[in-house]
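Below you'll find the structure, written out as structure tokens, and then a few comments.
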Amino acid sequence: SCTLTDRATFIWYRNSQPLTERRDRNNELLLQYSCALHGHTYISPAVHLNVMYPPKNVLVSIIQSAQFWEGDSVTLICSSDANPPALNFSWFKENQSSAVGSGQSFSALQSGRFYCEAHNQHGSQRSDAVAVTVK
């Protein structure tokens, strides 16, 4: 709302402190920016920056032991870091092209190496395979 000159210099702020460098923490970028015109005391209202990204760090966790007896099942859980959070998960058995399951958890009924793919609207990523052995 003030008159600017050709030599106007803007100062950017993060959390009410002048911003001198950009830092990411814990794979999250939650920033609150405002600015002011150098030589003036008014600071603009803060603007929130929400960084969206596809799944990363996709991991399969095994609830029970990876070895189980015939007739039993082992539950595998897929997790990832994503924004927005991944809501769609596909399960695959290594060396098979079609999915063997869907959802964040999967019950393996046979031996093999299984992996999951986590999906959100920005992309997908697969986990490393885990070995499941039927005795």
Side-chain angles (χ1 to χ4, degrees):
S1 63
C2 58
T3 305
L4 301 178
T5 67
D6 292 337
R7 297 175 148 198
T9 302
F10 286 90
I11 304 165
W12 288 94
Y13 288 81
R14 176 180 178 187
N15 300 327
S16 301
Q17 298 297 316
L19 181 66
T20 57
E21 60 186 58
R22 298 168 74 178
R23 292 185 184 175
D24 298 351
R25 198 181 113 220
N26 297 330
N27 293 324
E28 290 183 352
L29 187 58
L30 301 173
L31 302 176
Q32 189 178 59
Y33 285 101
S34 55
C35 67
L37 183 62
H38 186 72
H40 293 263
T41 57
Y42 175 77
I43 297 176
S44 71
V47 175
H48 297 275
L49 177 63
N50 184 14
V51 177
M52 306 292 226
Y53 53 93
K56 58 185 178 179
N57 303 323
V58 180
L59 178 69
V60 174
S61 302
I62 301 173
I63 298 299
Q64 301 93 338
S65 166
Q67 294 185 358
F68 60 101
W69 298 101
E70 188 173 6
D72 292 337
S73 68
V74 62
T75 301
L76 307 177
I77 304 290
C78 189
S79 61
S80 71
D81 174 20
N83 189 19
L87 297 177
N88 298 313
F89 300 89
S90 301
W91 290 90
F92 297 87
K93 187 174 181 182
E94 254 185 5
N95 303 319
Q96 289 186 6
S97 58
S98 58
V100 295
S102 63
Q104 195 163 7
S105 66
F106 172 71
S107 293
L109 301 171
Q110 57 183 257
S111 293
R113 293 180 53 80
F114 296 90
Y115 65 91
C116 71
E117 275 187 6
H119 308 264
N120 72 7
Q121 63 260 45
H122 301 289
S124 64
Q125 188 182 63
R126 67 173 270 187
S127 70
D128 291 333
V130 296
V132 172
T133 305
V134 173
K135 294 283 188 182

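Residue numbers count from 1 along this sequence. Keep in mind it's a predicted model, so treat the numbers as computed, not measured.
Here disulfide (SG to SG under 2.5 Å) pairs that include residues 69-135, with residues two or more places apart or in two chains, are C78-C116. Counting only residues at least two apart or on different chains, the side chain to side chain donor-acceptor pair (under 3.5 Å) pairs with a member in residues 95-110 are K93-Q110. Among pairs with a residue in residues 102-126, those fulfilling salt bridge (charged side-chain N to carboxylate O under 4.0 Å, His left out) read E94-R113, at least two apart in sequence or across chains. The salt bridge (charged side-chain N to carboxylate O under 4.0 Å, His left out) pairs that include a residue from residues 96-112 number zero, where partners must be two or more places apart or lie in different chains.
The same ILVMFWY cluster, assembled from side-chain heavy atoms under 4.5 Å apart, contains both I62 and W91. F92 and I77 fall into different hydrophobic clusters, where Ile, Leu, Val, Met, Phe, Trp and Tyr side chains are chained together by heavy-atom contacts under 4.5 Å. Under the 4.5 Å side-chain heavy-atom criterion for ILVMFWY residues, a single connected hydrophobic cluster contains both V130 and V74. Hydrophobic clustering, with ILVMFWY side chains joined whenever heavy atoms are under 4.5 angstrom apart, groups V132 together with V60. By the rule that hydrophobic residues join a cluster once side-chain heavy atoms approach within less than 4.5 Å of another member, Y115 and F89 end up as members of separate clusters.
For L59, the side chain to side chain contact (heavy atoms under 4.5 Å, CB included) partners are S61, S79, not counting sequence neighbours. In this view, N120 satisfies the side chain to side chain donor-acceptor pair (under 3.5 Å) rule with no residue, not counting sequence neighbours.
Closest of all the heavy-atom pairs between A118 and S80 is CB-OG, 3.8 Å. Residues Q125 and P55 approach most closely at CB-O, 3.5 Å, considering heavy atoms.
Aromatic ring pairs are classed by plane angle as parallel below 30°, tilted from 30° to 60° and perpendicular above 60°; the pair F114 and F106 is tilted.
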